Amino acid sequence: MTLLLIVALFLPLFPLSVVLNGAMGLLREPVLRCLLLLAWPQLGVMLLQLAAQAVPPYVVPWALATAGFYALRLLTVRDMGQWAGFLATSALALTWALAAGGADRAELHAFAFWFSLPPALVALLARPLARRFGAAYAGLQGGLIAGLPRLSGMLALTVLAAVATPPFPGFFALLNLLQMLDWTGALAVLAIWLVWGWAATRLLQGFLFGAERAVAFVDIGRASALVYAGVLGGFAIAGLMLTGWRL
């Protein structure tokens, strides 16, 4: 039981989830936030395997409640780094439900990766925004799509990947999870998924749309855009391969 509580720090369950989000708040450098989001859940999956015991029945409702709580918190967050941390917390809590359904180690590691890479990339995109505007805060600088098309495009695609839209792997991972849950759990996951989409719409609206700024800013370089596009393209291809495997 003690080891499972330690795992709950890395596959966050409320209130132990405050550790991950506290670390996200302390790490102001977007690169460090990105690395933290990638490594943190993988450690949790490793520890869960070391525990070598079944997930207790009460953990799944706990995980769904945690995921729902942080999904709702996304609706009030405007700082992009904090938004990425809350989304990762909400999504990674669902790993417990997958583990309770009998998923093997490879599936758990893959699930954690599918739902940590896009938020990590969102956190990383806070860096070019902060360099240009002083902060990556939705609503502070609207209308970016007109003046910074490459940065805007990467932000939109990354956020869509983060909230599990097709053809990104998170979409198919959630479909697989829905098949493992009973009808009450499946409805809870669908509601959480819906809130993610709502939160993504609000975030993108705060950054991309609105009145065009009179002061021009330099867009991100083509090389950076190509790197991001390559990562997201590979991520989407992985989703399509996963679809073929499921079918």
Side-chain angles (χ1 to χ4, degrees), residues 11-14 17 20-21 37 40-41 44-45 55 59-78 80 82-103 107-123 138 155-208 232 235-236 238-243 245-247:
L11 299 176
L13 296 175
F14 185 82
S17 53
L20 172 59
N21 288 287
L37 288 176
W40 195 263
V45 172
V55 175
V59 171
V60 174
W62 187 5
L64 293 175
T66 299
F69 172 69
Y70 279 96
L72 291 173
R73 291 203 67 184
L74 284 173
L75 298 174
T76 64
V77 173
R78 293 293 175 265
M80 201 158 76
Q82 190 177 31
W83 193 92
F86 283 177
L87 178 61
T89 302
S90 179
L92 293 173
L94 299 178
T95 310
W96 290 97
L98 191 69
E107 287 180 299
L108 293 175
H109 277 293
F111 189 90
F113 182 69
W114 301 147
F115 286 102
S116 60
L117 177 61
L121 293 177
V122 171
L155 177 59
L157 288 175
T158 306
V159 169
L160 290 175
V163 296
T165 55
F168 297 106
F171 174 80
F172 306 108
L174 283 185
L175 290 183
N176 181 46
L177 176 60
L178 289 173
Q179 296 175 8
M180 294 184 176
L181 296 170
D182 58 23
W183 70 270
T184 56
L187 285 177
V189 171
L190 288 173
I192 291 165
W193 201 353
L194 178 63
V195 176
W196 289 353
W198 183 10
T201 300
R202 288 170 60 89
L203 183 78
L204 293 177
Q205 184 179 28
F207 279 111
L208 304 188
L232 291 173
F235 201 61
L240 295 174
M241 291 176 64
L242 181 61
T243 309
W245 178 69
R246 290 297 176 192
L247 295 177

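Model, not experiment: these values are computed from the prediction.
A186 approaches L178 most closely through the heavy-atom pair O-CD2, 3.5 Å. L37 approaches A123 most closely through the heavy-atom pair CD1-CB, 4.4 Å. Counting all heavy atoms, side chain and backbone alike, L98 lies closest to N176 at CD1-ND2, 4.1 Å. Minimum heavy-atom separation, A93 to A63: O-CB, 3.2 Å. Shown here for A100 and V60, the closest heavy-atom pair between the two residues is CB-CG2, 3.5 Å. What you find for L204 and A156 is that their closest heavy atoms are CD2-CA, 3.9 Å.
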- L94/F115 under side-chain contact (heavy atoms from CB on, under 4.5 Å): CA gap, chis, key distance, verdict: CA-CA 10 Å; L94 299 178; F115 286 102; over 6 Å; no
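Taking L160 as the reference, T165 meet the side-chain contact (heavy atoms from CB on, under 4.5 Å) condition, with sequence neighbours excluded. Among residues two or more places apart in sequence or in another chain, the side-chain contact (heavy atoms from CB on, under 4.5 Å) test is passed with A199 by L74, L75, W83. For A110, the side-chain contact (heavy atoms from CB on, under 4.5 Å) partners are W114, not counting sequence neighbours. Considering only residues two or more places apart in sequence or on other chains, T158 meets the side-chain hydrogen bond (donor to acceptor under 3.5 Å, both in side chains) condition with none of them. The side-chain contact (heavy atoms from CB on, under 4.5 Å) search around A188 returns L64, not counting sequence neighbours.
Side-chain contact between S90 and I192 is present, with at least one heavy-atom pair separated by less than 4.5 Å. Considering only heavy atoms from C-beta on, F69 comes within 4.5 Å of R73 through its side chain. Proximity of L174 to W196: side-chain heavy atoms (C-beta onward) are separated by under 4.5 Å at one or more points.
To the nearest 0.5 Å, the span separating NE2 on H109 from OG1 on T95 amounts to 11.0 Å.
Under the 3.5 Å distance criterion, the side-chain polar atoms of T201 are matched with a main-chain donor or acceptor of G197. Under the 3.5 Å distance criterion, the side-chain polar atoms of W96 are left unmatched by any main-chain donor or acceptor of V55.
A side chain to side chain contact (heavy atoms under 4.5 Å, CB included) with L87 is found for exactly one of L203, V163, V122, namely V163.
For the side chain to side chain donor-acceptor pair (under 3.5 Å) condition, the pairs that include at least one residue of residues 183-193, sequence neighbours left out, are D182-T184.
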